[in-house]
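Structure record follows, encoded as structure tokens.
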Amino acid sequence: MASRAGTVALPQDLVDITALLDAYYDVAPDLSDPAQRVAFGTSGHRGSSLKASFNEAHILAITQAIVEYRAGQGITGPLFLAKDTHGLSEPAQNSALEVLAANGVNVLVDARHGYTPTPALSHAILKYNNEAGPGQPQADGIVVTPSHNPPADGGFKYNPPHGGPADTDATGWIANRANELLENGLRGVKRIPLNDALKADGTGKFDFLSSYVDDLPSVLDLDAIRSAGVRIGADPMGGASVDYWGEIGERHQLDLTVVNPTVDPQWAFMTLDWDEKIRMDCSSPSAMASLIKRMSDSAAGSAYDVATGNDADADRHGIVTPDGGLMNPNHYLAVAIDYLYRNRTGWNPESVVGKTLVSSSIIDRVAAGLGRKLVEVPVGFKWFVPGLLSGEGAFGGEESAGASFNKRDGSVWTTDKDGILLALLASEITAVTGRSPSQLYKGLTDQFGSPVYARIDAAATREQKAALGKLSSSDVSATTLAGEEITAKLTEAPGNGASIGGLKVVTENAWFAARPSGTEDVYKIYAESFKGADHLKQVQDEAKALVDSVIS
């Protein structure tokens with residue numbers, strides 16, 4: 001049977017929202033099952049009420065744990081509370097508010113009763129703390145979102161006063177305390193009814209949208225976009241950026257069309273992802289099929305010069321050009337870095353380029369061509385936070401289409417991924433250079449070579465995944481990879497010495513990285529070659545054999 005990837009979802013693909021919400025309130029987690037306990041990954045706690053992994057009990061316990069954590073850290077300013085468009089997000093936000101208000105926390109929710117992108121939450125935290133000044137009470141935040149994950153999923157993420165994702169010390173403490181509260185039948189959780197929480201003295205409102213949209217000229221050259229008449233097609237993909245894009249076009253007088261303003265917790269309008277699931281992944285050709293088709297159907301006289309997509313909390317970006325279609329995230333990161341470091345004269349001239357260790361090596365070559373130091377860190381945007389705050393790392397980007405960069409004067413914009421920002425940057429690049437980002441990428445490959453990049457999954461037991469996460473470079477005896485001498489065997493990121501939770505092997509023209517999955521019995525092999533697809537396949541095959549030999 002032919003794959004339905006890239007085709008519009010059918011009724012049988014849609015989640016039953018009534019059952020989803022009923023399960024949120026009615027299902028109690030079985031704490032003897034590790035999958036039903038609180039567990040924070042790189043982007044918070046995630047799960048589904050239908051799998052007993054994201055239910056009211058989880059949110060009540062996590063929120064109480066956050067209250068106790070922030071008290072222990074001396075965080076006494078307001079807590080910004082935001083949600084995306086997933087079906088579980090509003091009930092989870094309500095549950096959190098009941099606990100926060102009962103504990104006397106000053107909570108700020110969206111003034112428009114709308115949805116809030118993750119970057120708008122980060123921007124709000126940073127702006128408040130900057131204006132408050134040193135020594136004053138500091139703000140933090142919670143955003144209720146599972147990002148690009150399917151409609152049945154929920155997510156809950158804590159951002160401390162630095163505005164970015166919490167580090168493992170914070171999330172580990174919060175998760176442990178939340179599980180203690182669950183084990184004790186939620187004794188110790190303070191809670192008041194929702195109506196009382198909404199009317200509480202400490203509950204206030206904040207205009208996330210205006211704060212974010214009105215500040216965009218500080219980080220982007222919107223005058224250039226407007227003057228050049230760049231035609232923008234923005235697809236919120238049913239996510240939290242839906243109202244933001246319309247306001248961006250109107251307030252800044254841009255030629256901007258919101259391609260699809262529909263918000264639907266089932267996402268019935270979506271095209272299916274590669275595995276025939278509904279997933280709002282704006283870097284996936286299958287999930288972005290509608291927007292890609294819209295551009296290709298009018299290629300002779302395209303309706304837009306740049307078309308963009310965002311996931312449900314708008315921390316990721318997808319860039320579609322008339323000449324190149326949907327850009328590979330690695331390709332666009334390389335173009336963005338090359339453009340920004342050549343054009344942001346207000347940035348620290350010594351600021352470094354930040355990338356994750358599984359991002360394309362063409363970024364290494366671009367950074368070298370710019371005369372900039374490259375800082376390679378483990379997977380997780382939290383590693384970019386210190387550099388963005390200080391200006392010493394003015395750009396941080398991940399291979400999964402997540403990035404942010406500093407304001408034009410070099411000061412911090414957000415310390416979490418900003419898909420709206422990167423999407424608008426594509427229009428600035430087009431306006432200033434007169435060329436599309438995909439055309440500019442072709443120029444980079446002419447200069448630095450054309451890499452071929454892919455990720456595959458390989459089966460692994462829980463014990464094998466644990467072994468992979470504990471490898472040292474001395475465990476790898478191989479000296480060559482796909483016909484080339486191995487130049488580096490890494491179990492720590494060269495940029496900051498932090499553990500990568502796996503292994504990266506590098507040669508002159510290729511590399512692979514292997515990391516265990518946090519949710520499935522597989523490990524992921526990221527690989528790249530500058531010598532073509534056949535060489536990449538050889539790298540992948542040898543990578544799997546090498547990893548299997550050291551973890552079995």
Taking all atoms of both residues into account, what is the closest heavy-atom pair of A240 and D313, and its distance? CB-CA, 4.4 Å
Qualifying residue for ring-ring contact (aromatic ring centres under 6.0 Å, His included) with W413, from F395, F405, Y212: Y212
Residues T507 and T487: side-chain donor-acceptor under 3.5 angstrom: no
Going by the angle between their ring planes, with limits at 30° and 60°, are W267 and H86 parallel, tilted or perpendicular? tilted
If every non-hydrogen atom of Y115 is compared with every non-hydrogen atom of Y244, which pair is closest and at what distance? O-CE1, 3.6 Å
Lys/Arg-Asp/Glu bridge criterion (N-O < 4.0 Å) met for D255, R231: no
Would you confirm whether T321, through its side chain, and G324, through its main-chain N or O, come within 3.5 Å as a donor-acceptor pair? yes
Considering only residues two or more places apart or on different chains, which pairs with a residue in residues 416-434 satisfy salt bridge (charged side-chain N to carboxylate O under 4.0 Å, His left out)? K157-D416, D315-K417, R344-E428, E398-K417
Mind checking whether F512 and L503 have side chains closer than 4.5 Å, heavy atoms only? yes
Would you say the side chain of D548 lies within less than 4.5 Å of the side chain of Y523, judging by non-hydrogen atoms? yes
Got N159 and I125 here, is their nearest side-chain heavy-atom distance under 4.5 Å? yes
Quick one: pull up CG in N330 and CD1 in I362 and give me the separation to the nearest 0.5 Å. 9.5 Å
Distance (rounded to the nearest 0.5 Å) between L333 CG and L422 CG: 7.0 Å
Under-4.0 Å salt bridge between K373 and E392: no
Would you compute the distance between atom OG of S472 and atom NZ of K489 and round it to the nearest 0.5 angstrom? 10.5 Å
Within the structure provided, determine whether F384 and V377 are in side-chain contact (heavy-atom separation under 4.5 Å). yes
Salt bridge between K355 and D364, side-chain N to carboxylate O under 4.0 Å? yes
Flag the pair L444 / V366 as yes when at least one side-chain heavy-atom distance between them is below 4.5 Å, and no otherwise. yes
Looking only at non-hydrogen atoms, find the nearest pair between D311 and S147 and report the distance. OD2-OG, 2.8 Å
Separation between NZ of K407 and OG1 of T414, rounded to the nearest 0.5 Å: 10.5 Å
Closest heavy-atom pair, R316 versus D281, reported as atoms and distance to 0.1 Å, is NH1-OD1, 4.5 Å
Do R294 and D235 have side-chain heavy atoms sitting under 4.5 Å apart? no
Can you confirm whether the side chains of E399 and T356 place a donor and an acceptor under 3.5 Å from each other? yes
Between the side chain of N130 and the main-chain N/O of K127, is any donor-acceptor distance below 3.5 Å? no
Rounded to the nearest 0.5 Å, what separation is found between the CD1 atom of I456 and the NZ atom of K544? 8.0 Å
Residues R46, D153: salt bridge by 4.0 Å N-O rule: no
For D534, is the CG atom crowded, meaning more than 12 foreign heavy atoms sit under 6.0 Å from it? no
Charged N to carboxylate O below 4.0 Å: is that the case for R226 and D223? yes
Measuring only between side-chain heavy atoms, which start at C-beta, is S552 closer than 4.5 Å to Q464? yes
I'd like to know if the side chain of D338 pairs up with that of Y441 as donor and acceptor (distance under 3.5 Å, no hydrogens or angles considered). no
Determine whether I319 and L425 satisfy the following criterion, side-chain contact (heavy atoms from CB on, under 4.5 Å), listing intermediate values before the conclusion. CA-CA 10 Å; I319 309 300; L425 178 65; over 6 Å; no
Would D273 and S284 count as a side chain to side chain donor-acceptor pair (under 3.5 Å) here? Give the steps. CA-CA 7 Å; D273 204 0; S284 164; 2.5 Å; yes
Can you find a heavy atom in the side chain of S122 that is under 4.5 Å from one in the side chain of T118? no
Is a side-chain N or O of E276 found less than 3.5 angstrom from the main chain of S3, in a donor-acceptor match? no
Can the ring centroids of H535 and F530 be said to lie less than 6.0 angstrom from one another? no
Would you check if there is a donor-acceptor pair between the side chains of D323 and S438 at a distance under 3.5 Å? yes
Could you go step by step and tell me if F208 and H123 meet the ring-ring contact (aromatic ring centres under 6.0 Å, His included) rule? CA-CA 9 Å; F208 287 100; H123 181 271; 10.0 Å; no
Supply the atom-to-atom distance E484 CD to K531 NZ, rounded to the nearest 0.5 angstrom. 4.5 Å
Would you confirm whether E528, through its side chain, and S361, through its main-chain N or O, come within 3.5 Å as a donor-acceptor pair? yes
Counting only N and O atoms by type, is there a donor-acceptor contact under 3.5 Å from the side chain of N406 to the main-chain atoms of G410? yes
Residue pair W347, D409: steps toward the side chain to side chain donor-acceptor pair (under 3.5 Å) verdict: CA-CA 6 Å; W347 283 5; D409 65 3; over 6 Å; no
In terms of heavy-atom contacts, R279 and H148 come closest through CG-O, 3.1 Å
Closest heavy-atom pair and its distance - S404, L421: OG-CD2, 3.9 Å
Given 3.5 Å as the limit, does a donor-acceptor pair link the side chain of T145 with the main chain of G155, or not? no
